[in-house]
**Q** 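A single structure is presented below for examination.
Throughout, a chain's letter reflects where its sequence line sits, starting with A, and its residues are numbered from 1.
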There are 2 protein chains.
Amino acid sequence: MNKRSGIESKKKIIDAAMAVFSTKGYAKANIREIAKAAGISVGGVYLYFRNKEELYKSLINSKMHYIGSRLEITAGSAESATEALSDFFKLHLENALKHKEFILLHIREHGFAFGVNEKRQFFRKQRTLIENIIQRGMRSGEFRKCNADHMAKMIMGSLRGIILSMALDDDVHITPKMLNEFVFNGLLTAGKRD
Amino acid sequence: MNKRSGIESKKKIIDAAMAVFSTKGYAKANIREIAKAAGISVGGVYLYFRNKEELYKSLINSKMHYIGSRLEITAGSAESATEALSDFFKLHLENALKHKEFILLHIREHGFAFGVNEKRQFFRKQRTLIENIIQRGMRSGEFRKCNADHMAKMIMGSLRGIILSMALDDDVHITPKMLNEFVFNGLLTAGKRD
DNA sequence: GGTTCACATGAACAAGCGTTCAGGTATAGA
DNA sequence: TCTATACCTGAACGCTTGTTCATGTGAACC
């Protein structure tokens with residue numbers, strides 16, 4: 001037997017579940033493996049979570065709240081639109097590195113019955129943040145005139161894809177600085193722009 | 001009974017499998033459902049495919065070859081780097097719209113034992129194409145000086161993410177024109193660029 | 001009508017899974 | 001030492017799934 005405090009055990013299960021779910025996906029992950037990775041028996045898992053689905057949900061929920069709140073806190077305090085967007089990128093990239101496993105799980109299970117709407121809402125919210133920054137930048141003359149809605153969709157999409165690439169492919173590593181340069185300046189030489 | 005030609009049946013199974021795999025993922029998809037969607041019996045599926053894995057592999061393989069070859073054909077013939085990159089985006093976005101289901105499946109099963117390397121190679125190849133275009137553009141003075149490797153990684157990542165966003169979220173629709181404007185011009189007003 | 005062949009069926013089997021539960025064990029206080 | 005409490009165990013059950021196979025059916029030719 002392996003006696004620990006309940007809190008400790010629950011934590012071990014959550015960590016193990018995150019690892020197994022994110023490498024195997026929800027359907028292929030099985031409780032026996034999660035239990036083994038957590039150093040507890042099969043029955044032990046059920047002391048802390050009613051069933052597999054609840055274990056999964058509790059994982060997603062807590063992590064998404066955590067990430068979401070961290071992203072909000074640092075949002076409003078920038079002096080210019082350029083700085084605000086820069087901060088936004090920095091935060092997202094840092095988060096992505098720290099929660100790589102979760103990102104993978106997230107992408108993979110987008111079709112899972114639970115959380116689809118929560119996820120969509122999360123991304124919509126992020127997109128709105130970007131859109132506001134863009135509008136602010138256009139008003140202040142920092143950013144050129146463009147369709148803020150379209151631009152926000154593209155920037156959010158780009159950010160998602162870059163984060164995904166980093167999570168999937170170890171030889172891709174994008175820093176906030178690189179991303180700034182790309183998004184702010186574009187590819188063309190100054191003379192050739194519209 | 002439901003008598004058809006073998007070719008017709010096989011095609012029906014492939015279509016059904018694509019639909020089911022891409023909405024449910026590999027593990028959750030089951031043969032009974034695929035068979036039903038194809039209008040054939042469970043045993044019937046096994047007349048045409050040795051097992052579930054082979055059915056999946058044959059799907060992925062044929063589709064990836066098809067898409068890959070289509071992307072290559074139209075690559076080399078552009079007159080400028082700007083035009084080349086523009087064509088590249090157009091092709092990818094068109095493809096993505098046409099093979100939405102496949103894209104979803106693709107993302108979802110990135111960790112599946114089969115095809116991981118094929119997929120990685122596919123994306124590396126696309127990235128190399130972009131990198132070549134960027135270098136060409138820098139030599140000709142169309143594009144500003146930058147790190148072509150980093151830039152290619154970001155652009156490929158962005159493209160992936162934008163395609164993903166379109167596949168996941170129906171209210172996101174990015175046209176080649178919009179993407180061009182974003183990638184070529186960036187966000188800043190002309191005077192503020194580096 | 002008889003024969004052959006390609007195509008189709010779905011009950012049956014075995015393996016794996018989520019979940020339960022009757023019981024076991026360490027610790028702390030009486 | 002006894003009891004209560006919190007934590008843990010893994011065999012067993014029932015269900016779902018991939019796969020097989022003995023059998024059935026229609027069409028084409030003799």
**Q** Rounded to whole Å, how long is the line connecting atom CG of B:Leu55 with atom P of D:dT17?
**A** 16 Å

**Q** When we call it a touch if two heavy atoms are under 4.0 Å apart, what does B:Ala29 touch: a base, just sugar-phosphate, or nothing?
**A** sugar-phosphate

**Q** Return the CE to CG distance between B:Met18 and B:Leu104, rounded to the nearest 0.5 Å.
**A** 10.5 Å

**Q** Is the NZ or CZ atom of A:Lys12 both under 6.0 Å from the centre of the six-membered ring of A:Tyr48 and within 45° of that ring's axis?
**A** no

**Q** Between A:Glu53 and A:Lys57, is there a salt bridge with N-O shorter than 4.0 Å?
**A** yes

**Q** In terms of the angle between their ring planes, are A:Phe88 and A:His92 parallel, tilted or perpendicular, with boundaries placed at 30° and 60°?
**A** tilted

**Q** Return the value, rounded to whole Å, for the distance between atom CG of B:Asn30 and atom C1' of D:dC15.
**A** 13 Å

**Q** State whether A:Glu181 and B:Arg144 are salt-bridged, where the test is any N-O pair (Lys NZ or Arg NE/NH1/NH2 against Asp/Glu carboxylate O) under 4.0 Å.
**A** yes

**Q** Could you check, using the six-membered ring where one of them is a Trp, whether A:His106 and A:Phe21 have ring centers closer than 6.0 angstrom?
**A** no

**Q** Expected output is a numbered-order residue list: members of residues 39-51 of chain A with a heavy atom under 4.0 Å from any atom of DNA chain D. What is it?
**A** A:Ile40, A:Ser41, A:Gly43, A:Gly44, A:Leu47, A:Tyr48

**Q** Run the numbers on B:Arg127 and A:Asp171 for salt bridge (Lys or Arg N to Asp or Glu O under 4.0 Å), then give the verdict.
**A** CA-CA 12 Å; B:Arg127 231 166 61 197; A:Asp171 80 342; 3.5 Å; yes

**Q** Any Lys/Arg nitrogen of B:Asp170 or B:Lys100 sitting under 4.0 Å from an Asp/Glu carboxylate oxygen of the other?
**A** yes

**Q** Measure CD1/B:Ile31 against P/D:dT20 and give the value in whole Å, please.
**A** 11 Å

**Q** Counting the atoms with a prime plus P, OP1 and OP2 as sugar-phosphate, which does A:Arg32 contact under 4.0 Å by heavy atoms, base, sugar-phosphate, or nothing?
**A** base

**Q** Determine: side-chain N/O of A:Ser9 to OP1/OP2 of D:dC8, distance under 4.0 Å, yes or no.
**A** yes

**Q** Going 5' to 3' on DNA chain C, which nucleotide is the first and which the last to come under 4.0 Å of a heavy atom in chain B?
**A** C:dA6 to C:dA12

